[in-house]
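Quick note: numbers below take in every heavy atom, side chains included, and nothing from hydrogens, waters or symmetry partners. In this text the structure is predicted, and so the values were computed from the model without any measurement. Sequential numbering from 1 along the given sequence is applied to the chain's residues.
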Amino acid sequence: MYIVAFIGACVLVAMVPGVSTAIILRQTLRAGRGSGLAATLGNETGILLWGLAAAFGLSALLVASQVAYDVMRVVGAVVLVVMGAQALWHARKGAPPQDGAVVPGLRAPYLAGVGTCLANPKAAVFAMSFLPQFVPPGQNVPLTLVTLAAVWVLVDLLWYGLLIWMVDRAKAWLGRPAVRRRLEQVSGAVLIGLGVRLAVESR
């Protein structure tokens, strides 16, 4: 019963648009399905690491330390604003012709996914507060938290995989230069907005 409730909660969490959704969709629109999947794997690597940190009590240090939280908050905000500025710059230059036969490097989108997740202190706080709620009484807490983190990652992979597939199916329209340029502008503005919000928000 606990696992069913947890999976349902994970689905709802994944469906709420946020930083991860913005990064993954931007990578998919810019460089295709492979890049979007790489960004997704990077994001899920970050989530798994935060889940492991929660399992072994490391996230509690971040929650307890205002200085550590603020440092991560500022770093995360800078990362998002820089990525947003890059998107606006690409939009201004004009999107290059998209060739579906060319598979771009996957390291950059993977690192973008990892970096934005690990630089987001709210991800750590969320993992610390979200996962323990679904640990049944009497269970091994660290082992159960690790298992729940893995389930969380699998649900995310399925959801983002569906989004990437839908975007890829629409690439004939989304790949048009004018549309791609406008999407870069929108994604850039969204990323900058998220970065500014993260910078000014308190806990």
Side-chain angles (χ1 to χ4, degrees), residues 1-29 33-64 69 72-73 76 80 109-110 112-170 174 186-187 190-191 193-195 197-198 201-203:
M1 186 63 182
Y2 280 94
I3 193 64
V4 174
F6 179 71
I7 291 175
C10 287
V11 171
L12 294 177
V13 169
M15 292 176 66
V16 176
V19 174
S20 299
T21 304
I23 296 297
I24 290 167
L25 291 184
R26 177 174 181 258
Q27 292 296 336
T28 304
L29 292 168
R33 183 170 50 189
S35 184
L37 290 173
T40 300
L41 290 176
N43 181 74
E44 301 317 312
T45 299
I47 286 180
L48 185 59
L49 290 175
W50 280 131
L52 292 174
F56 295 102
L58 299 179
S59 294
L61 298 177
L62 179 62
V63 174
Y69 183 90
M72 283 198 63
R73 180 170 55 82
L80 291 174
Y110 175 82
V114 174
T116 51
C117 185
L118 292 183
N120 185 0
K122 292 189 178 296
V125 174
F126 187 74
M128 191 69 187
S129 60
F130 178 59
L131 296 179
Q133 298 180 44
F134 295 92
V135 177
Q139 296 296 314
N140 183 302
V141 175
L143 179 60
T144 304
L145 288 175
V146 171
T147 303
L148 292 176
V151 172
W152 186 6
V153 166
L154 290 176
V155 172
D156 264 13
L157 287 173
L158 290 174
W159 171 251
Y160 288 126
L162 176 61
L163 286 182
I164 291 169
W165 176 82
M166 292 170 63
V167 171
D168 188 62
R169 293 285 293 179
L174 295 175
V186 171
S187 64
V190 168
L191 289 172
L194 290 171
R197 188 180 72 175
L198 182 60
E201 276 186 347
S202 62
R203 289 177 186 270

Subject >> Chi angles and distances behind the side-chain contact (heavy atoms from CB on, under 4.5 Å) call for Tyr110, Thr45 >> reply: CA-CA 9 Å; Tyr110 175 82; Thr45 299; 3.0 Å; yes
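Considering only heavy atoms from C-beta on, Leu148 stays 4.5 Å or farther from Phe130 through its side chain. Inter-residue side-chain proximity for Leu163 and Ile24 is flagged as unmet; no heavy-atom pair is nearer than 4.5 Å. By the 4.5 Å heavy-atom criterion applied to side chains, Ile23 and Asn43 are not counted as neighbours.
Annotation: the span from Thr28 atom OG1 to Ile164 atom CD1 amounts to 4.0 Å, rounded to 0.5 Å. Put simply, CD1 on Ile7 and CG on Leu12 are 12.0 Å apart, with the number rounded to the nearest 0.5 Å. Atom OG in Ser20 sits 13.5 Å away from atom CH2 in Trp159 (nearest 0.5 Å). The structure places OH of Tyr160 at 12.5 Å from CG of Leu41, a figure rounded to the nearest 0.5 Å.
The two residues Asp156 and Ala14 make their nearest non-hydrogen contact at OD1-CB, 3.3 Å. Residues Val114 and Gly42 approach most closely at CG2-O, 3.2 Å, considering heavy atoms. Nearest approach of Asn140 to Pro142, heavy atoms of both residues: OD1-CD, 3.1 Å.
For the side-chain contact (heavy atoms from CB on, under 4.5 Å) test, residues two or more places apart in sequence or in another chain that qualify with Pro136 are Tyr2, Gln139, Thr144. In this view, Val153 and Glu44, Ile47, Leu48, Leu157 satisfy the side-chain contact (heavy atoms from CB on, under 4.5 Å) rule, not counting sequence neighbours. With sequence neighbours left out, the side-chain contact (heavy atoms from CB on, under 4.5 Å) criterion links Leu158 to no other residue.
For the side chain to side chain contact (heavy atoms under 4.5 Å, CB included) with Val135, the qualifying choice from Leu143, Val141, Thr147 is Val141, the only one to do so.
Listed for the Trp50 side chain is a donor-acceptor partner under 3.5 Å among the backbone atoms of Cys117.
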